Number of protein chains: 2
Amino acid sequence: MPRDATRQRILDTAERHFGLYGFAGTSLRGITRDARVNVAAIHYHYGSKEQLLGATMDRIVAPVNAERLRLLDEAIAAAGGAPSVEAILSAFLCPDLILIRDLGDRGVMMARFSGRSSTEPGEVVARVLRGIFGDLGDRFIDALAVAVPDVPRSELAWRLRCVVAIITYLLANTGTGLALLDLDDVDGTAERLVAFLAPAIRSPVPAAGSMAEVALAMAGGAAS
Amino acid sequence: MPRDATRQRILDTAERHFGLYGFAGTSLRGITRDARVNVAAIHYHYGSKEQLLGATMDRIVAPVNAERLRLLDEAIAAAGGAPSVEAILSAFLCPDLILIRDLGDRGVMMARFSGRSSTEPGEVVARVLRGIFGDLGDRFIDALAVAVPDVPRSELAWRLRCVVAIITYLLANTGTGLALLDLDDVDGTAERLVAFLAPAIRSPVPAAGSMAEVALAMAGGAAS
DNA sequence: GTCTATAACGGGATAGAC
DNA sequence: GTCTATCCCGTTATAGAC
């Protein structure tokens with residue numbers, strides 16, 4: 001369908017620019033130059049800069065989250081209803097990593113776009129992020145609650161968000177000097193991540209006041 | 001010293017704006033409005049928008065990193081040269097959290113600024129981040145290598161950067177709907193973080209190919 | 001559906017008065 | 001040191017021709 005080749009080219013280019021420069025740092029005119037498209041075409045097809053961001057996010061996030069759920073269901077079925085923490089974490093983390101591995105440069109751009117988006121302001125971003133922490137998050141927390149019955153649900157929810165923090169950082173910095181992901185060994189990184197995080201998810205909750213009180217010091221170091 | 005009250009007010013306001021809107025999303029004119037200062041004053045005192053960002057980052061990062069090292073040395077001394085993973089993690093994580101706890105709203109803004117900065121492009125940001133991952137990171141990895149001799153240094157370095165990922169996300173989203181940090185119980189969050197991460201740091205490295213091969217599926221979910 | 005042209009505005013930076 | 005005034009550029013968005 002060569003009909004909407006323009007639409008496609010706009011979306012592909014927007015993805016790259018938003019990923020590289022962020023929302024505020026991206027200009028529609030920059031996109032038009034790279035996509036060899038006129039400024040008006042963007043407004044015709046997407047309405048506004050913010051709606052273009054929304055369309056870009058939806059195209060990436062929807063299939064990734066769907067794959068997360070599919071892998072989770074698969075893991076639950078394979079384990080007869082009680083998959084291991086490792087299997088649950090794999091289902092959560094792998095869809096993003098597979099995207100990067102299989103889509104090459106475009107996957108890298110999509111990754112950086114996704115990771116960066118979480119620190120962008122605005123209602124469009126908030127809407128997409130609510131999706132991640134809505135039903136999807138509940139499904140994964142349900143599964144974790146079965147695998148780790150000793151840790152309360154509220155704590156598991158908090159820990160899952162720590163996992164989100166790592167994957168977000170990993171995505172945002174893919175292909176940069178701060179890369180957490182070896183692009184030549186994505187599968188190996190997935191294994192390292194799961195091996196690193198599974199014991200953390202399982203760790204017993206701290207008894208109140210158990211931490212060595214290192215915190216008390218440091219009055220006003222950042223005054224000046 | 002009322003002499004450089006203007007300098008101060010500019011820097012304080014810049015900190016808030018950069019934290020709220022990011023670098024590209026911040027305008028010097030917005031800062032001048034809030035700081036009740038003229039546009040030219042910013043250029044007189046700081047030269048350019050990017051140099052203003054650099055000054056803002058330095059003011060925050062330098063004392064925090066100094067405090068990290070101080071706490072690490074303290075922990076090493078207290079433990080006779082071999083502090084626990086928990087103590088090392090506390091020294092790394094607490095300076096940021098103490099800042100938020102003790103500085104109130106300004107601490108929150110500084111936190112969001114710090115967290116957000118890591119996803120900003122540009123040379124100034126890269127320079128500051130290199131500082132974090134230079135000598136400072138090596139000192140902490142040295143300490144971890146003593147506490148966890150079974151895990152190779154390279155793996156410990158990678159894991160420490162996963163810790164950085166979490167603290168970065170936590171800072172960037174402090175006071176937002178995605179907050180990982182309970183502002184009314186900062187100490188409790190510190191304990192939870194340490195309890196969550198210490199077993200992860202200690203976990204044995206995975207044998208090659210040990211992960212359940214969940215990854216193979218998903219051909220091109222994000223095509224469209 | 002795609003273009004040109006332009007409106008309407010805000011951005012960073014600077015010169016020069018005080 | 002701090003201000004006013006201005007330069008010059010890029011921005012989003014839209015109107016209207018083709």
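What you are looking at is a predicted structure, and each value in this text was computed from that prediction instead of being measured.
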**Distance flag, aromatic centroids of Tyr169(B) and Tyr169(A), threshold under 6.0 Å** = no
**Request:** Name all residues meeting the side chain to side chain donor-acceptor pair (under 3.5 Å) criterion together with Glu50(A); count only those two or more places apart in sequence or in a different chain, and write none if there are none.
**Result:** none
**Message:** If the threshold is 4.0 Å, N to carboxylate O, is there a salt bridge linking Asp105(A) and Arg16(A)?
**Reply:** no
**Asked** Aromatic rings Phe92(A) and Phe140(A): how do their planes relate, parallel, tilted or perpendicular, breaks at 30° and 60°?
**Response** perpendicular
**Sub-4.0 Å heavy-atom contacts from residues 9-18 of chain A onto DNA chain D, ordered by number** = none
**Prompt:** Does Arg112(A) make a cation-pi contact with Phe18(A) (under 6.0 Å, within 45 degrees of the axis)?
**Reply:** no
**Prompt:** Between Thr6(B) and dG1(D), does any side-chain N or O lie under 4.0 Å from OP1 or OP2?
**Reply:** no
**Request:** Let me have a per-nucleotide readout for nucleotides 5-18 of chain C, 5' to 3', with B, S or -, counting only protein heavy atoms under 4.0 Å.
**Result:** ------BBBBB---
**Message:** Check this for me: does any side-chain nitrogen of one of Asp187(A) and Arg192(A) sit under 4.0 Å from a carboxylate oxygen of the other?
**Reply:** no
**Complete:** Atom CD of Gln8(B) and atom P of dG1(D) are separated, to the nearest Å, by 15 Å
**Asked** Separation of His45(B) atom NE2 from dG1(D) atom P, in whole Å?
**Response** 8 Å
**Message:** Under a 4.0 Å threshold between the charged nitrogen and the carboxylate oxygen, would Arg153(A) count as salt-bridged to Asp142(A)?
**Reply:** yes
**Asp73(B) and Arg139(B): CA distance, side-chain angles, deciding distance, salt bridge (charged side-chain N to carboxylate O under 4.0 Å, His left out) verdict** = CA-CA 10 Å; Asp73(B) 287 335; Arg139(B) 286 292 316 279; 2.8 Å; yes
**Complete:** To the nearest angstrom, the CD1-P distance between Ile31(A) and dT11(D) comes to 11 Å
